[in-house]
Trainee: 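One structure, as C-alpha coordinates, below. Some questions next.
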Amino acid sequence: MNEQIDEAATVRVFIALAPPDEAKEELAQALRPAYDAFPQMRWNRIEDWHITLAFLGELPRPVVSLLQPPLAELAAAHRPLHLALRGSGHFDERVLWSGIGGDVDGLRQLAGEVRTLVERHGIAFTDRPLNPHLTLARARRDDTSSVVRAAAGLRDFSGRGWQAERLHLVGSNYGRGPGPIRYRDVASWPFGGAG
Ligand code: 2AM
(Lines give C-alpha, C1' and ligand atoms only; values in the text may rest on other atoms or scores of the structure.)
Protein backbone atom coordinates (compact mmCIF):
# COMPACT_ATOMS: atom_id res chain seq x y z
CA MET A 1 0.00 0.00 0.00
CA ASN A 2 1.19 3.47 -0.71
CA GLU A 3 0.14 5.83 2.07
CA GLN A 4 1.19 8.95 0.20
CA ILE A 5 -1.35 8.12 -2.49
CA ASP A 6 -4.00 7.03 0.01
CA GLU A 7 -3.89 10.33 1.88
CA ALA A 8 -3.36 12.83 -0.92
CA ALA A 9 -6.25 15.00 -2.15
CA THR A 10 -5.11 14.53 -5.70
CA VAL A 11 -3.84 11.49 -7.52
CA ARG A 12 -1.50 11.39 -10.47
CA VAL A 13 -3.15 8.91 -12.79
CA PHE A 14 -2.75 7.19 -16.11
CA ILE A 15 -4.70 4.53 -17.99
CA ALA A 16 -2.75 1.51 -19.13
CA LEU A 17 -2.52 -2.13 -20.13
CA ALA A 18 -0.28 -4.58 -18.29
CA PRO A 19 1.39 -7.67 -19.78
CA PRO A 20 0.93 -10.93 -17.84
CA ASP A 21 3.77 -12.28 -15.71
CA GLU A 22 4.86 -14.87 -18.31
CA ALA A 23 5.38 -12.20 -20.95
CA LYS A 24 7.23 -9.98 -18.51
CA GLU A 25 9.45 -12.83 -17.34
CA GLU A 26 10.36 -13.65 -20.92
CA LEU A 27 11.44 -10.06 -21.53
CA ALA A 28 13.22 -9.83 -18.17
CA GLN A 29 15.21 -12.91 -19.18
CA ALA A 30 16.20 -11.29 -22.46
CA LEU A 31 17.19 -8.16 -20.54
CA ARG A 32 19.68 -9.95 -18.29
CA PRO A 33 22.75 -9.02 -20.34
CA ALA A 34 21.61 -5.38 -20.30
CA TYR A 35 20.94 -5.45 -16.54
CA ASP A 36 24.50 -6.71 -16.10
CA ALA A 37 26.09 -4.37 -18.62
CA PHE A 38 24.27 -1.18 -17.61
CA PRO A 39 23.63 -1.31 -13.85
CA GLN A 40 23.90 2.49 -13.71
CA MET A 41 20.70 2.96 -15.69
CA ARG A 42 17.50 3.58 -13.72
CA TRP A 43 15.62 0.33 -14.41
CA ASN A 44 11.87 0.25 -13.86
CA ARG A 45 10.61 -2.45 -11.53
CA ILE A 46 9.18 -5.38 -13.46
CA GLU A 47 5.97 -5.26 -11.41
CA ASP A 48 5.49 -1.67 -12.62
CA TRP A 49 5.84 -2.41 -16.35
CA HIS A 50 2.84 -1.17 -18.31
CA ILE A 51 1.74 0.24 -21.66
CA THR A 52 0.27 3.70 -21.22
CA LEU A 53 -2.84 4.57 -23.23
CA ALA A 54 -3.45 8.00 -21.71
CA PHE A 55 -1.63 10.05 -19.11
CA LEU A 56 -4.09 12.23 -17.17
CA GLY A 57 -1.72 13.88 -14.71
CA GLU A 58 -2.69 15.12 -11.27
CA LEU A 59 -6.47 14.95 -10.65
CA PRO A 60 -8.67 15.61 -7.59
CA ARG A 61 -9.93 12.38 -6.06
CA PRO A 62 -13.63 13.06 -6.87
CA VAL A 63 -12.73 13.45 -10.54
CA VAL A 64 -10.90 10.13 -10.46
CA SER A 65 -14.04 8.54 -8.96
CA LEU A 66 -16.24 10.12 -11.62
CA LEU A 67 -14.20 8.52 -14.38
CA GLN A 68 -14.47 5.00 -13.10
CA PRO A 69 -17.98 3.92 -14.20
CA PRO A 70 -17.54 5.10 -17.81
CA LEU A 71 -14.10 3.47 -18.00
CA ALA A 72 -15.61 0.21 -16.73
CA GLU A 73 -18.28 0.48 -19.43
CA LEU A 74 -15.71 1.19 -22.13
CA ALA A 75 -13.67 -1.86 -21.08
CA ALA A 76 -16.76 -4.07 -21.12
CA ALA A 77 -17.51 -2.95 -24.68
CA HIS A 78 -14.09 -4.13 -25.95
CA ARG A 79 -12.74 -7.60 -26.57
CA PRO A 80 -9.35 -8.44 -25.00
CA LEU A 81 -6.45 -7.33 -27.22
CA HIS A 82 -3.85 -9.76 -28.58
CA LEU A 83 -0.47 -8.16 -28.07
CA ALA A 84 3.20 -9.08 -27.81
CA LEU A 85 6.38 -7.39 -26.60
CA ARG A 86 8.60 -6.98 -29.59
CA GLY A 87 11.79 -5.14 -30.50
CA SER A 88 13.10 -2.12 -28.69
CA GLY A 89 14.10 1.47 -29.13
CA HIS A 90 14.81 4.67 -27.29
CA PHE A 91 13.49 8.20 -26.92
CA ASP A 92 16.21 10.83 -27.26
CA GLU A 93 18.91 8.41 -26.13
CA ARG A 94 17.50 8.69 -22.60
CA VAL A 95 14.52 6.34 -22.36
CA LEU A 96 14.82 2.64 -23.22
CA TRP A 97 11.63 0.89 -24.27
CA SER A 98 10.29 -2.39 -25.57
CA GLY A 99 8.06 -2.15 -28.62
CA ILE A 100 4.57 -3.62 -28.93
CA GLY A 101 3.46 -6.12 -31.56
CA GLY A 102 0.18 -7.86 -32.32
CA ASP A 103 -3.05 -5.91 -32.59
CA VAL A 104 -1.46 -2.46 -32.47
CA ASP A 105 -4.35 -1.02 -34.52
CA GLY A 106 -6.73 -2.25 -31.83
CA LEU A 107 -4.52 -0.69 -29.18
CA ARG A 108 -4.54 2.65 -31.03
CA GLN A 109 -8.31 2.50 -31.37
CA LEU A 110 -8.72 1.73 -27.67
CA ALA A 111 -6.33 4.54 -26.64
CA GLY A 112 -8.26 6.96 -28.88
CA GLU A 113 -11.54 5.99 -27.23
CA VAL A 114 -10.06 6.28 -23.75
CA ARG A 115 -8.69 9.75 -24.52
CA THR A 116 -12.02 10.88 -25.99
CA LEU A 117 -13.86 9.61 -22.91
CA VAL A 118 -11.53 11.53 -20.61
CA GLU A 119 -11.99 14.72 -22.61
CA ARG A 120 -15.78 14.29 -22.66
CA HIS A 121 -15.67 14.33 -18.88
CA GLY A 122 -14.20 17.79 -19.00
CA ILE A 123 -10.71 16.77 -18.01
CA ALA A 124 -8.23 19.01 -19.76
CA PHE A 125 -5.12 17.05 -20.41
CA THR A 126 -2.31 17.30 -22.87
CA ASP A 127 -1.17 13.88 -23.86
CA ARG A 128 1.73 12.94 -26.07
CA PRO A 129 0.81 11.41 -29.40
CA LEU A 130 0.42 7.67 -28.85
CA ASN A 131 3.62 5.75 -29.42
CA PRO A 132 2.89 2.26 -28.07
CA HIS A 133 5.79 1.16 -25.90
CA LEU A 134 6.73 -0.21 -22.51
CA THR A 135 9.36 1.88 -20.76
CA LEU A 136 12.16 -0.21 -19.29
CA ALA A 137 14.76 2.24 -18.06
CA ARG A 138 16.03 5.78 -18.10
CA ALA A 139 19.59 7.00 -18.46
CA ARG A 140 21.26 8.89 -15.69
CA ARG A 141 22.50 12.35 -16.50
CA ASP A 142 25.68 12.41 -18.58
CA ASP A 143 25.19 8.81 -19.68
CA THR A 144 24.65 9.18 -23.40
CA SER A 145 25.47 5.73 -24.70
CA SER A 146 23.94 3.07 -22.43
CA VAL A 147 20.37 3.45 -23.64
CA VAL A 148 21.37 3.28 -27.29
CA ARG A 149 23.52 0.19 -26.70
CA ALA A 150 20.87 -1.53 -24.58
CA ALA A 151 18.22 -0.83 -27.26
CA ALA A 152 20.48 -2.35 -29.92
CA GLY A 153 20.95 -5.48 -27.80
CA LEU A 154 17.20 -5.98 -27.51
CA ARG A 155 16.29 -5.11 -31.10
CA ASP A 156 15.57 -8.71 -32.14
CA PHE A 157 13.51 -9.64 -29.09
CA SER A 158 10.17 -11.15 -30.05
CA GLY A 159 8.06 -12.26 -27.12
CA ARG A 160 5.18 -14.68 -27.20
CA GLY A 161 1.70 -13.31 -27.79
CA TRP A 162 -0.64 -12.62 -24.87
CA GLN A 163 -4.06 -11.15 -24.22
CA ALA A 164 -4.55 -7.83 -22.46
CA GLU A 165 -7.48 -8.85 -20.26
CA ARG A 166 -8.03 -5.68 -18.23
CA LEU A 167 -7.99 -1.91 -18.49
CA HIS A 168 -6.08 -0.34 -15.60
CA LEU A 169 -6.46 3.07 -13.99
CA VAL A 170 -3.13 3.51 -12.24
CA GLY A 171 -2.03 5.95 -9.55
CA SER A 172 1.57 7.03 -9.24
CA ASN A 173 3.47 8.91 -6.58
CA TYR A 174 5.98 10.08 -9.13
CA GLY A 175 7.47 13.39 -8.02
CA ARG A 176 6.01 13.20 -4.52
CA GLY A 177 9.25 12.44 -2.80
CA PRO A 178 12.51 10.57 -2.85
CA GLY A 179 12.79 6.93 -3.74
CA PRO A 180 11.75 4.93 -6.77
CA ILE A 181 8.55 5.58 -8.69
CA ARG A 182 5.71 3.40 -7.40
CA TYR A 183 2.53 2.56 -9.25
CA ARG A 184 -0.66 1.08 -7.89
CA ASP A 185 -4.00 0.28 -9.50
CA VAL A 186 -6.75 2.66 -8.45
CA ALA A 187 -9.11 0.27 -10.24
CA SER A 188 -9.09 -2.12 -13.17
CA TRP A 189 -11.85 -3.60 -15.30
CA PRO A 190 -12.07 -6.71 -17.47
CA PHE A 191 -12.54 -6.35 -21.18
CA GLY A 192 -15.75 -7.87 -22.48
CA GLY A 193 -15.65 -11.65 -22.47
CA ALA A 194 -12.51 -11.68 -20.30
CA GLY A 195 -14.41 -12.71 -17.19
P1 2AM B 1 6.56 6.46 -20.22
O2 2AM B 1 6.19 5.04 -20.03
O3 2AM B 1 7.01 6.75 -21.61
O4 2AM B 1 7.53 6.96 -19.19
C5 2AM B 1 3.28 7.09 -15.78
O6 2AM B 1 4.20 8.10 -15.58
C7 2AM B 1 3.09 6.77 -17.25
O8 2AM B 1 2.59 7.91 -17.93
C9 2AM B 1 4.35 6.38 -17.94
O10 2AM B 1 4.06 5.27 -18.76
C11 2AM B 1 4.77 7.56 -18.75
O12 2AM B 1 5.26 7.28 -19.99
C13 2AM B 1 3.48 8.30 -18.93
N14 2AM B 1 3.71 9.73 -18.82
C15 2AM B 1 4.36 10.39 -17.86
N16 2AM B 1 4.34 11.72 -18.08
C17 2AM B 1 3.69 11.89 -19.23
C18 2AM B 1 3.32 13.03 -20.00
N19 2AM B 1 3.62 14.26 -19.62
N20 2AM B 1 2.64 12.82 -21.14
C21 2AM B 1 2.33 11.58 -21.52
N22 2AM B 1 2.63 10.47 -20.84
C23 2AM B 1 3.30 10.62 -19.71
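Ligands are counted one by one from 1 in listed order, and the atoms in each one are counted from 1 as well.
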Trainee: Below the 3.5 angstrom mark, is there an N/O of R12, backbone or side chain, next to an N/O of ligand 1?
Mentor: no
Trainee: For ligand 1, is there an N or O atom under 3.5 Å from any N or O atom of T52?
Mentor: yes
Trainee: Output the list of atoms in ligand 1 that are nearer than 4.0 Å to some heavy atom of H133, sorted by atom number.
Mentor: 1 (P), 2 (O), 3 (O)
Trainee: Give the contacting part of V95 toward ligand 1: side chain, backbone, both or neither, where contact means a heavy-atom distance below 4.0 Å.
Mentor: neither
Trainee: Can we call the ring centroids of F14 and H168 under 6.0 Å apart?
Mentor: no
Trainee: Give a yes or no on whether a salt bridge exists between R160 and E26, defined as a side-chain N under 4.0 angstrom from a carboxylate O.
Mentor: yes
Trainee: Identify, by atom number and element, the atoms of ligand 1 in contact range of D127, meaning under 4.0 Å from any of its heavy atoms.
Mentor: 20 (N), 21 (C), 22 (N)
Trainee: Judged on heavy-atom distance to atom 18 (C) of ligand 1, which of Y183, F55, F91 sits nearest?
Mentor: F55
Trainee: Near H50, which atoms of ligand 1 are under 4.0 Å from a heavy atom of that residue?
Mentor: 7 (C), 9 (C), 10 (O)
Trainee: Please report the closest heavy-atom contact between L71 and L167, naming both atoms and the distance.
Mentor: O-CD2, 3.9 Å
Trainee: Going by the atom numbers of ligand 1, which of them fall below 4.0 Å from some non-hydrogen atom of T135?
Mentor: 1 (P), 2 (O), 3 (O), 4 (O)
Trainee: As an exercise, identify every atom of ligand 1 less than 4.0 angstrom from a heavy atom of R138.
Mentor: 1 (P), 4 (O)
Trainee: Which heavy atom in G161 sits nearest to a heavy atom in A84, and how many Å separate them?
Mentor: CA-CB, 4.1 Å
Trainee: Of all heavy-atom pairs between R86 and G102, which one has the smallest distance, and what is that distance?
Mentor: NH1-N, 4.0 Å
Trainee: Contact between T52 and L130 at the side-chain level, heavy atoms closer than 4.5 Å - yes or no?
Mentor: no
Trainee: Would you name the heavy atoms of Y183 and H50 that are closest together and state the gap between them?
Mentor: CE1-CE1, 3.4 Å
Trainee: Select one of side chain, backbone, both or neither to describe which atoms of W97 lie under 4.0 Å from any atom of ligand 1, heavy atoms only.
Mentor: neither
